[in-house]
Q: 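Quick one: structure below, then a few questions.
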Amino acid sequence: MIEYREDDDISYLDLENWINDENNLFINAIIDFSVLVKGIKFMTFKSFQKALKSSGEILVMQMHTYFDLEGHLIPKINNSRYPKRIHEEINKEIQKHNDEVARLNWRDPTGIHIYFVHNGVLMYYSGWNDHFYGIDDAETALELIKDEVSDRYSEDELNKMEKEEDDERKAEIDLVTKSILEDKQFHECTNHSLRSMYLDELLKKHPEYREKLRYSGFGKLTNYIDYVWKIYKNR
């Protein structure tokens, strides 16, 4: 997330204008941002100006930084780890986030950084483009969305939704199990290898089963088919 400071005393555009002033000579330079931030950071433009004047340095460099759109777009979640209502609300918030970031002009720089080196020490000041205020990278934004959606519900409500989802998932798995137990082809799968092959064919015919079984608590899907075999043998 971009860092913004309440004590900034100059806007991004004002800083651009100051740089473009004919009385100021700046050199465009490229420096790794991770190197830049290891220098001494001035919290206000006035303090930077004061330090520059006191140092007597005349070589001042500037650099723009940019963000990329793709790094801020969140893919919609598509799994059964969340209760259906939570899942849907998270995806709605993801869409809102993606619409918001897509409206930004990503050709604009997100920040401008001016710096000089005095006695071997890098000193810098950064001005941030307010158009990108509050825009997080995709990973951070997704976690914030998940937390925000979860906070809409009490712990009891979340537990109730999870129980309802678990009960529904268990009922669906029971139906799958019942269907397998009635399949004569399965009755011939007398070893783990045959049962694994049977499961592969079953999931090809019914790919929706994979999602249901993934969150059923069996771990590997082959554990499930061995579990069904034990039920069959004990009948």
Side-chain angles (χ1 to χ4, degrees), residues 1-55 57-78 89-151:
M1 183 176 180
I2 301 173
E3 178 186 4
Y4 288 86
R5 299 175 291 274
E6 294 181 357
D7 56 353
D8 276 351
D9 59 345
I10 186 172
S11 70
Y12 173 87
L13 291 178
D14 287 338
L15 183 57
E16 282 273 24
N17 291 334
W18 183 77
I19 291 173
N20 293 329
D21 190 290
E22 62 182 5
N23 294 322
N24 296 305
L25 180 61
F26 281 78
I27 296 177
N28 287 313
I30 298 176
I31 183 174
D32 193 292
F33 191 71
S34 63
V35 175
L36 178 70
V37 296
K38 290 179 181 178
I40 295 177
K41 175 177 66 177
F42 292 95
M43 302 302 288
T44 66
F45 178 62
K46 290 181 179 178
S47 60
F48 176 87
Q49 284 182 304
K50 183 178 180 179
L52 177 59
K53 183 177 180 180
S54 299
S55 71
E57 299 290 345
I58 58 173
L59 182 60
V60 183
M61 288 156 282
Q62 64 166 321
M63 177 183 72
H64 290 85
T65 49
Y66 297 83
F67 286 160
D68 66 289
L69 173 60
E70 293 304 317
H72 291 77
L73 291 175
I74 309 173
K76 288 190 175 181
I77 61 172
N78 185 29
E89 290 189 25
I90 288 175
N91 277 337
K92 285 181 181 178
E93 294 302 323
I94 286 175
Q95 188 60 54
K96 288 181 183 178
H97 168 88
N98 289 345
D99 289 344
E100 179 183 352
V101 300
R103 285 192 293 267
L104 294 171
N105 185 354
W106 292 88
R107 291 173 297 180
D108 286 346
T110 53
I112 184 169
H113 315 277
I114 52 177
Y115 61 98
F116 64 94
V117 178
H118 181 63
N119 291 337
V121 179
L122 188 150
M123 304 183 181
Y124 74 99
Y125 174 78
S126 297
W128 297 104
N129 189 339
D130 288 341
H131 291 159
F132 295 92
Y133 178 79
I135 300 298
D136 296 290
D137 62 85
E139 183 178 353
T140 302
L142 178 57
E143 292 306 312
L144 291 172
I145 287 173
K146 289 177 181 178
D147 291 343
E148 191 275 328
V149 171
S150 295
D151 288 344

Q: Under the side-chain contact (heavy atoms from CB on, under 4.5 Å) rule, what do Leu122 and Ile40 come out as? Steps first, then yes or no, please.
A: CA-CA 6 Å; Leu122 188 150; Ile40 295 177; over 6 Å; no

Q: Hey, does the side chain of Asp130 reach the backbone of Tyr133 with a donor-acceptor pair shorter than 3.5 angstrom?
A: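 A pair under 3.5 Å: no.
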
Q: Phe45 and Trp18: aromatic ring centres closer than 6.0 Å?
A: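 Yes, the ring of Phe45 comes within the 6.0 Å limit of the ring of Trp18, centre to centre.
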
Q: Quick one: closest heavy-atom pair of Ser47 and Thr44, and the distance?
A: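 Closest pair (atom of Ser47, atom of Thr44, distance): OG-O, 2.7 Å.
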
Q: Does a side-chain heavy-atom distance below 4.5 Å link Asp136 with His72?
A: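 Side-chain contact under 4.5 Å: no.
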
Q: Compare every heavy atom of Phe42 with every heavy atom of Ala51, then report the nearest pair and how far apart it is.
A: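 Looks like CB-CZ, 3.3 Å.
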
Q: What is the distance from atom CE of Met63 to atom CZ of Phe33, rounded to the nearest 0.5 Å?
A: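 Interatomic distance, Met63 CE to Phe33 CZ, rounded to 0.5 Å: 6.5 Å.
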
Q: Show me the pairs that pass salt bridge (charged side-chain N to carboxylate O under 4.0 Å, His left out) and involve residues 96-119, at least two apart or across chains.
A: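 Sorted pair list: Glu93-Lys96.
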
Q: Drop me the distance from Leu73's CG to Asp68's CG, to the nearest 0.5 angstrom.
A: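 So the CG of Leu73 and the CG of Asp68 are separated by 9.0 Å.
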
Q: For Tyr124 versus Leu36, what's the shortest heavy-atom pair and its separation?
A: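 That would be CE2-O, 3.2 Å.
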
Q: Asp147 and Ser150: side-chain donor and acceptor closer than 3.5 Å?
A: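 No, because no side-chain N or O of Asp147 sits under 3.5 Å from a partner of the opposite role on Ser150.
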
Q: Angle class for the Phe132/Trp106 ring planes (parallel below 30°, perpendicular above 60°, tilted otherwise)?
A: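 Correct class here is perpendicular.
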
Q: Quick check for you: to the nearest 0.5 Å, what is the distance between Thr110 atom OG1 and Leu104 atom CG?
A: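 Answer for the OG1-CG pair, Thr110 versus Leu104, is 11.0 Å.
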
Q: Tyr115: which residues meet the side chain to side chain donor-acceptor pair (under 3.5 Å) condition with it, sequence neighbours left out?
A: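 In terms of side chain to side chain donor-acceptor pair (under 3.5 Å), with neighbours along the sequence ignored, Tyr115 is linked to no residue.
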
Q: Would you say Glu148 has more than 12 foreign heavy atoms packed within less than 6.0 Å of its CD?
A: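 Atom CD in Glu148 is packed in, count exceeds 12.
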
Q: Going by the angle between their ring planes, with limits at 30° and 60°, are Tyr125 and Phe48 parallel, tilted or perpendicular?
A: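 Answer is tilted, since the angle falls between 30° and 60°.
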
Q: So Ile145 and Ile74, side-chain contact (heavy atoms from CB on, under 4.5 Å) or not? Walk me through it.
A: CA-CA 10 Å; Ile145 287 173; Ile74 309 173; 3.9 Å; yes

Q: Is there a donor-acceptor pair under 3.5 Å between the side chain of Asn91 and the backbone N or O of Lys76?
A: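 Looks like no, no N/O pair under 3.5 Å.
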
Q: Considering only heavy atoms from C-beta outward, does the side chain of Val101 approach that of Leu69 to under 4.5 Å?
A: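 Val101 vs Leu69: side chains touch.
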
Q: Just jot down the side chain to side chain donor-acceptor pair (under 3.5 Å) partners of Asp151, sequence neighbours excluded, or say none.
A: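 With sequence neighbours excluded, Asp151 shows a side chain to side chain donor-acceptor pair (under 3.5 Å) to no residue whatsoever.
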
Q: Just to verify, what does Asn119 make a side chain to side chain donor-acceptor pair (under 3.5 Å) with, not counting sequence neighbours?
A: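 So Asn119 forms no side chain to side chain donor-acceptor pair (under 3.5 Å) with any residue.
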
Q: I need the Asn105 CG to Asn129 CG distance, nearest 0.5 Å.
A: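 The distance works out to 9.5 Å.
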
Q: May I ask you to test the Ile112-Gln62 pair for a side-chain heavy-atom distance under 4.5 Å?
A: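 In short, these two side chains touch, coming nearer than 4.5 Å.
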
Q: Please identify each residue that fulfils salt bridge (Lys or Arg N to Asp or Glu O under 4.0 Å) with Glu57, with sequence neighbours left out.
A: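 With sequence neighbours excluded, Glu57 shows a salt bridge (Lys or Arg N to Asp or Glu O under 4.0 Å) to no residue whatsoever.
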
Q: Could you state the interatomic distance from CD1 (Ile94) to CG (Asn98), rounded to the nearest 0.5 Å?
A: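 Answer for the CD1-CG pair, Ile94 versus Asn98, is 7.0 Å.
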
Q: Do the side chain of Ser126 and the main chain of His113 share a donor and acceptor less than 3.5 angstrom apart?
A: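 Between the backbone of His113 and the side chain of Ser126 there is no qualifying donor-acceptor contact (under 3.5 Å).
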
Q: So, using salt bridge (Lys or Arg N to Asp or Glu O under 4.0 Å) as the criterion, who are the partners of Glu89 when residues are at least two apart?
A: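 Expected list: Arg152.
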
Q: Do His131 and Tyr12 make the cut of ring centroids closer than 6.0 angstrom?
A: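 No, they do not, as the ring centres are separated by 6.0 Å or more.
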
Q: Where is the tightest heavy-atom contact between Phe116 and Ser55, given as atom of each residue plus distance?
A: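 Heavy atoms of Phe116 and Ser55 come nearest at CE1-OG, 3.7 Å.
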
